[in-house]
Amino acid sequence: MKKIFILSMVISFAMICSCQKQNSAAEQQLAQRKTELDARETALDEREKALVERENALVEREKALAGKEKAMTNPRTIPSGIQGQTPEPSQGNAERDRRIQQLPPEVRALVPDPSQVTARDPAKQERPAPRQLGPEDLQRQWQRNLDKAKMSGKAVSPAADATSPTPSSTPE
């Protein structure tokens, strides 16, 4: 009887030991999975923070752009005391001359004389009116374009003729 009792005790002790070994292996796997999930969670949190920061930066840029567009589209308001008044050129010239006199001499030497500026400014000089082409000129131009197109292998379409200038029917 003692042998049966001892045998049953040894078997139950072996079963308990084997169960504990399986539990410790499962606990190790659980701990490993938990650390992996924590690492993924922190990585996702960092990505989310980066996305929120980018979104905030984009919102700020949009606000700045909207402000610039609004400033560009809004007409400038003229103070009521100045409205209706037109500045006289002599008054503007006197103000300009006064400010130039306040500059140091070496800077003043760099400022060009107004009479020289208008004489050299090609935008302020009158340009001759563009010459209108006569029928012969148009024919020659069309023939040149046709020859160029044939040499390059392109087909000539009537749409190209529609874009070319035509002479006016009224004599000048």
Cut-off 3.5 Å, no hydrogens considered: what does the side-chain donor-acceptor table look like for residues 48-67, sequence neighbours left out?
unit_1, atom_1, unit_2, atom_2, d
Asn56, ND2, Val52, O, 3.4

Distance-only donor-acceptor hits, side chain of residues 32-41, under 3.5 Å, sequence neighbours excluded:
unit_1, atom_1, unit_2, atom_2, d
Thr35, OG1, Ala31, O, 3.4
Thr35, OG1, Gln32, O, 2.6

Tell me, please, which residues at least two apart from Gln143 pass side chain to side chain donor-acceptor pair (under 3.5 Å).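 Listed in chain order: Asp147.
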What distance separates [X] [atom1] from [Y] [atom2], expressed to the nearest 0.5 Å?
{"X": "Met9", "Y": "Ile4", "atom1": "CE", "atom2": "CD1", "answer": "14.5 Å"}
{"X": "Lys2", "Y": "Leu7", "atom1": "NZ", "atom2": "CG", "answer": "15.0 Å"}
{"X": "Lys148", "Y": "Met151", "atom1": "NZ", "atom2": "CE", "answer": "10.5 Å"}

Test side-chain contact (heavy atoms from CB on, under 4.5 Å) applied to Arg98 - qualifying residues, sequence neighbours left out: Glu95, Gln102
Residues at least two apart in sequence or cross-chain that pass side-chain contact (heavy atoms from CB on, under 4.5 Å) with Pro105, listed by chain then number, are Arg108
Considering only Ile, Leu, Val, Met, Phe, Trp and Tyr, and joining two whenever side-chain heavy atoms are under 4.5 Å apart, list the other residues clustered with Val10. Ile6
